[in-house]
Structure formats: structure tokens, C-alpha cells
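Please read the structure below before turning to the comments.
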2 protein chains.
Amino acid sequence: MVKGPERRRPGRPPASSTDIPTQSRILQAAARLFMEFGVDGVSMGQIAEASGLTKAVLYYYFRSKTDLFVEAVVRVLEISREKTQAILDAPEPLYSRLLRLMRTRLGIAAPLEWGAALHGSRNVLTADQIHAIERAEQALFDTVAAALGTAAERGEIRCIAPDRAARVFMSLVSIGHAELERIGTRADVAAVAKSFMDIFWSGIGPA
Amino acid sequence: MVKGPERRRPGRPPASSTDIPTQSRILQAAARLFMEFGVDGVSMGQIAEASGLTKAVLYYYFRSKTDLFVEAVVRVLEISREKTQAILDAPEPLYSRLLRLMRTRLGIAAPLEWGAALHGSRNVLTADQIHAIERAEQALFDTVAAALGTAAERGEIRCIAPDRAARVFMSLVSIGHAELERIGTRADVAAVAKSFMDIFWSGIGPA
DNA sequence: GTCTATATTGGGATAGAC
DNA sequence: GTCTATCCCAATATAGAC
């Protein structure tokens, strides 16, 4: 492009300039499908269709299906981490923040068991790819663990191993989501969130 | 076979007569592989090899790969349920029984996230097959839930929703297993079991 | 009941035009 | 950068001998 600067065309710019970049469109569609059907449950053709493109374009942006999968996972985990961080930074008691976090996550349509999808495909991923995913996953847990650790210092909770507790919390979110799916649309997200939160907070032992 | 009864051959009977029936051998191998690599991570060829047979034999006993998968899952869940029942029937306080259950399950090589494997393949399963798996799964949860319910009646615990708590417990087993895998062989199963059990029993809230 | 050999297809990946 | 057309292999499933 050796052309000099052009004068701005009057009127609304063509749609293309406001469109989501192709790569992001692919990642978004891929993430959604992978979350719902798992790696092997989705073909490149389906992802192409879902993003309104063709297979060849996908391979223009991503070397392989595995690559696309890894980048989609990392992206989702990063976004998830940011949202989580924002909620946990609020100036509230830990209990309220965790409850809000659980409600929010339960409300998200695509909850996802990446762990599940991963389990089946670990053998295909390179060490680097596994590492990338594990790092993104760990960052998410660390965000929660940090909040638990701070609260523990303040004597707000008795939690001894924040990282472990963080994993338990995230897993409770998964179970909660499974329960919401089971009972269907008549589900009361807030109520389910509350009851899982209570198990997390007080355990099942005698009062 | 119209031959009359033969006299028993002297000496040790041929190995074949004490062998596990072919169908069980297939199911065992299939269950192990499916648990480790997921449905799509394993081919019929691999299952055939693992059970010392050929693909054709597998198709002699099972109509399709999906069929084999479903029967393997149900079988594992049933066995798991029986073992669980046995442990929970012991005349001990609930806490001890649950701790023993968690230790035992953490010690099993193939822990498995059937849920994971399932998620990816739900779209392929017939309604009947999904039902069969869900029934077997529910039976397992019910076994744990029953123990929790009884204990609740006795005032041994404060648990309000036994079924929900049962799911949480089983899920803690999964996290525990994931943690053991992460930290590798230097893992202390009993210690990990204890600490997850404590989160389940007392929660993380202030003492 | 178990084998060898093969038909069939879904889907990952690429070539090359535009 | 995006398309059409195609290659190619892995893996399910079957045919038919023994």
C-alpha cells in the first residue's frame, strides 16, 4: 500500500469496518461449539458454517483444528478470569462476593467443562499447548485463591489451602450448572447458587 | 453339538475354561480405555488389541461402538455403586465412612469423568441409551444420598438436600483425583482425601 | 465364535483460482 | 483473504471363510 492518505468518505462507513475481525469471529464460534459438543463433537465444517465462512478460511488463520481449540480455550479462560477478577475486587464481604460470582457464572449460557473436553484430547496436544491451557486455567484459580487467601488473613474464613478451596468452588459452579440443566427452565438460579454456596461455606457437618 | 457327555479329562483343565468370558473381557478393556481417553479418543481397533481379539469379534458382541460404550459405562457405574454401598453400610459414624469412601475412590487408578466423555457424545446416543446411563448414575448418587439422609435424620449432619450433597461429594472425589494427578506419584492419598473431606464436612467459613 | 479382507464415509487438511 | 474442489487417511462396520 503506497497510496497516500485518502479523505474520509462522507456518511456511514461500510459495515466491514465495524465488523468483528474474522479471527475473533472464528474463535467465538469455535469456543461456543467446543464448549457444547466437545472437540470431537464438532467438525471444522460446522465451525466454518457457524462463523459464516469456509473451512479454508479457518485454516488460513489456524494451522490445525487442535490449534484452534487451544486458542479458543485460552481465550475463554482469560475472559472468564477478567470477569471473575472484577467481581472479586468489589468492596464487600467475601461471602457476598463469592455468592455473586456463583450466581453470575451459573447464569452464563456456556458453562463448560473444559476439563472434560481436554481429557479426551490430551494425547493430541503438544506439551506447549497443554502448558498454555494449564497456565490460563491456573490464572483463573489463582484469582479466586487470592481472594480466599486475603480473607483468610483477615480471619474472615478458616481456609487453609486457598488453591484447593478455589478449585472446589469452581467445581461447585459446574455441579450447579449441571443441576440447572437437569431441572430445566423452571430453574431458580439464585436459589441454586445460594444452596451450593452454603455447602461451600458451612459444609454438611452438624451445626 | 450332538455329542454325548465326555468323561472329564485328567489333570488341570485347559486355561480357556477358567478364562473370563469374551464379552466381559471386551467390556473390561473398553471401560478402561474409554475412561482414560474418552469415547472418541479410542478406536475399536485399539479396544480389540487391548482385549486380545479382533474388531470383528467386537461387532459380534456389540452392535456398534456406541452400544459398547453405553454398556461399559453402565457396568462401571453399577460396580462402583456396589462398592460404594458396601463401604457406606459399615457400622461407623458417617464421617468415617465418607472418608473411607473418598480414600478408596481416590486410590482407584481409573477415576473417570464419564460426564465429560458423555457431554461430547450425547448427540449420538439414543434417548434410551442416555436414560440407561442416567439411571445408573442416579443409582450411584442415591446410594450416597441415602446414607446422608439417614445421618441427617439422626442429627449427625445438618444436610438439607441429600441428593445435592451427594453430587458435591462425588465431585470432590473428581477434584481430588485431578489434584493427585497434578502432583504426581509423590502424592499422599490419605492426606488429600482428608483435606477434601474436611472442606465437605466443615466448609470454609469461620469456625 | 473368531478370523482376514474390504467396502464406505466422515472430516482434517491442501491446492490453486480469484 | 476468501473461495471451490479435492486429496487422503483413519476408523466404523460388514462379508464371508474357517
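All chains are named by letter (A, B, ...) in the order of the sequence lines, taking the proteins before the strands, and each is independently numbered beginning at 1.
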How does protein contact run along nucleotides 12-17 of chain C, one letter per nucleotide 5' to 3', with B for base contact, S for sugar-phosphate only, - for none, heavy atoms under 4.0 Å? BBBB--
Evaluate A:E92 against A:R100 for salt bridge (charged side-chain N to carboxylate O under 4.0 Å, His left out), listing each step before the verdict. CA-CA 10 Å; A:E92 287 177 282; A:R100 229 153 55 80; 3.3 Å; yes
Give a yes/no answer on whether the side chain of B:T54 brings an N or O atom under 4.0 Å of OP1 or OP2 in C:dT2.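 For B:T54, the contact criterion (side-chain N or O under 4.0 Å from OP1 or OP2 of C:dT2) is not met.
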Taking only side-chain N and O atoms of A:T22, does any of them lie within less than 4.0 angstrom of OP1 or OP2 on D:dT2?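 Checking D:dT2 against A:T22, a side-chain N or O does come within under 4.0 Å of OP1 or OP2.
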Write down the distance between [atom1] ([X]) and [atom2] ([N]), rounded to a whole number of angstrom.
X     : N      : atom1 : atom2 : result
B:I26 : C:dG1  : CD1   : C1'   : 11 Å
B:D40 : C:dG11 : CG    : P     : 10 Å
B:Y60 : D:dC18 : OH    : C1'   : 14 Å
B:E49 : D:dA11 : CD    : P     : 12 Å
B:L58 : D:dT14 : CG    : C1'   : 14 Å
A:L53 : D:dT4  : CG    : C1'   : 15 Å

For residues 65-83 of chain B, which residue pairs qualify under salt bridge (Lys or Arg N to Asp or Glu O under 4.0 Å), counting only residues two or more places apart or in two chains?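 Residue pairs passing salt bridge (Lys or Arg N to Asp or Glu O under 4.0 Å), neighbours aside: B:R63-B:D67.
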Once side chain to side chain contact (heavy atoms under 4.5 Å, CB included) is applied, do any residues pair with B:S195, and if so which ones, sequence neighbours excluded?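 Side chain to side chain contact (heavy atoms under 4.5 Å, CB included) list for B:S195, sorted by chain: A:R164.
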B:F169 side, atom CZ; B:W201 side, atom CH2 - distance, nearest 0.5 Å: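 B:F169 CZ to B:W201 CH2: 10.5 Å, rounded to 0.5 Å.
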Could you tell me whether B:E49 atom CD has more than 12 heavy atoms of other residues or ligands within 6.0 Å of it?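 No, the 6.0 Å shell around CD holds no more than 12 heavy atoms from other groups.
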Side-chain donor or acceptor of A:S51 paired with backbone N/O of A:I47 under 3.5 Å: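 Pair found, side chain donor or acceptor close to backbone of A:I47.
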